[in-house]
Amino acid sequence: MDRARAARRAAAVAAGLQLLHLAPAAVRLPPVRRTAARHLAGYGSAPGHVALTFDDGPDPRSTPYVLDTLDALGVRATFFLLGAMLERAPGLGRELVTRGHEVAVHGWYHRRPWYPAPARDLWELRRTAEAVTDLCGARPRWYRPPYGVLTAGPALAAHRLGLRTVLWTAWGRDWTDDATAASVYATARPGLTDGATLLLHDSDCTSAPDSWRATLAALPLIATHCRTHTLTLGPLRDHGLPSGRDSRLWTPALHTT
């Protein structure tokens, strides 16, 4: 009887820890993003500004084309880098900074953080932040979890490392195998409003093969739309968000300053 009671208690504790771990993922819910977690969602306060962000690079197969297109459009962006990708293309990471773009942390691997692993989370985020600093020559200020799934371990690790977590308010669904320039633009367009943060991808390493080409072709459409509506596309550093340790980390389960 005592053994059964102990097993039930252990199971209840494990379930409680799992719930606490997953609680911050509630920021994916639109009502939460629009109210309690506006800064975390990526709503900026710089007038007329739309933050342009890319995930999953740097990728030698695709990122150079994205950079050339952004140069032609006169636009700068924030690139959330995977440590494993940066390790394979360190020169491309430095080129991002040389061309005037901002670099940020996306994690070492593009994994789903469903289960608590706080020591691993801290180690991987620190490893990625150090790689970005050393290989790109710029200290990152922002963190975005893979898949936009924010859990307690990575959230607290990012805060400990002085990184501000930022998700997005608009996307182009550019990772699918049926994505086209028109579909990416049509999906993103309703969200291209004052203070928005747009999510795109400069690599297909976790997406459908060659899906980055749809992103590339959609960039001029997105830039034209923003110019027509007197909006400025730019990096998160110009978006009017608090960053790093100067900001307040919000999660449904925990408030930490």
Side-chain angles (χ1 to χ4, degrees), residues 28 30 33 41-42 44 49-82 84-86 88-89 92-93 95-96 99-107 109-112 142 144-149 166-229 231-236 239:
R28 288 179 62 89
R33 290 193 186 205
H49 192 265
V50 173
L52 177 61
T53 68
F54 294 89
D55 284 7
D56 295 357
D59 190 331
R61 293 180 57 252
S62 50
T63 303
Y65 293 98
V66 172
L67 292 178
D68 288 345
T69 298
L70 293 177
D71 275 350
L73 295 171
V75 171
R76 297 297 173 260
T78 299
F79 288 79
F80 285 88
L81 308 181
L82 291 172
M85 296 292 286
L86 178 60
R88 299 187 193 108
L92 188 52
E95 185 177 353
L96 287 168
R99 293 212 196 187
H101 301 285
E102 186 177 34
V103 286
V105 171
H106 198 34
Y109 302 109
H110 203 279
R111 68 166 95 243
R112 297 183 187 272
W142 316 103
R144 176 177 289 160
Y147 303 103
V149 178
V166 180
L167 302 179
W168 60 85
T169 67
W171 61 15
R173 292 190 61 84
D174 57 341
W175 60 87
T176 63
D177 58 5
D178 58 349
T180 64
S183 74
V184 172
Y185 172 56
T187 303
R189 183 177 56 203
L192 297 178
T193 57
D194 189 356
T197 292
L198 175 62
L199 164 68
L200 297 173
H201 296 79
D202 63 306
S203 171
D204 61 8
C205 68
T206 63
S207 306
D210 287 334
S211 55
W212 64 269
R213 297 183 185 278
T215 307
L216 188 71
L219 286 174
L221 302 176
I222 292 168
T224 297
H225 173 91
C226 288
R227 284 195 299 268
T228 301
H229 291 81
L231 297 169
T232 301
L233 274 176
L236 283 169
H239 201 43

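The shortest non-hydrogen separation linking A214 to A179 is CB-O, 3.5 Å. Across every non-hydrogen atom of A188 and L198, the tightest pair is CB-CD1, 3.8 Å. Between Y185 and A218, the shortest heavy-atom contact is N-CB, 4.3 Å. Closest non-hydrogen pair, S207 versus D56, comes out as OG-OD2, 4.4 Å. Nearest heavy atom pair, residue G191 against residue A196, reads O-CB, 3.1 Å. The shortest non-hydrogen separation linking W142 to A104 is O-CB, 3.5 Å.
How far CH2 of W175 is from CG of D55: 10.0 Å, rounded to the nearest 0.5 Å. The CG atom of L199 lies 6.5 Å from the CG atom of D174; values are rounded to the nearest 0.5 Å. Going from atom OG1 of T224 over to atom CZ of R227 covers 4.5 Å, rounded to the nearest 0.5 Å. Taking CG of L192 as the reference point, atom OG1 of T228 lies at 11.5 Å (rounded to 0.5 Å). Atom OH of Y147 and atom OG1 of T206 lie 6.0 Å apart (nearest 0.5 Å). In this structure, the separation between OG1 on T215 and NE2 on H201 is 8.0 Å, given to the nearest 0.5 Å.
The shortest distance between side-chain heavy atoms of S211 and D177 does not fall below 4.5 Å. Between L67 and F79 the shortest side-chain heavy-atom distance falls below 4.5 Å. Within the 4.5 Å cutoff, side-chain heavy atoms of S203 are placed close to those of M85. Contact check for W171 versus T187: side-chain heavy atoms found under the 4.5 Å cut-off. Inter-residue side-chain proximity for V166 and T53 is flagged as unmet; no heavy-atom pair is nearer than 4.5 Å. Counting heavy atoms from C-beta outward, L70 and L52 have side chains that approach closer than 4.5 Å. In this structure, L219 and Y65 have side chains that are not in contact, with every pair of non-hydrogen atoms separated by 4.5 Å or more. Considering only heavy atoms from C-beta on, L81 comes within 4.5 Å of L96 through its side chain.
Scanning for side chain to side chain donor-acceptor pair (under 3.5 Å) contacts around S62 gives an empty result, with sequence neighbours left out. In this structure, H229 has no side chain to side chain donor-acceptor pair (under 3.5 Å) partners at least two apart in sequence or on a different chain. For the salt bridge (Lys or Arg N to Asp or Glu O under 4.0 Å) test, residues two or more places apart in sequence or in another chain that qualify with D204 are R61. Considering only residues two or more places apart in sequence or on other chains, H239 meets the side chain to side chain donor-acceptor pair (under 3.5 Å) condition with H49, T197. With sequence neighbours excluded, no residue satisfies salt bridge (Lys or Arg N to Asp or Glu O under 4.0 Å) with D202. Every residue two or more places apart in sequence or in another chain that forms a side chain to side chain donor-acceptor pair (under 3.5 Å) with R99 is listed here: D68, D71, E95.
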Apply the test side-chain contact (heavy atoms from CB on, under 4.5 Å) to residues L221 and V184: give CA-CA distance (whole Å), side-chain angles for both, the deciding distance (0.1 Å), then the verdict. CA-CA 9 Å; L221 302 176; V184 172; over 6 Å; no
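A donor-acceptor contact shorter than 3.5 Å is absent between the side chain of R76 and the backbone of H101.
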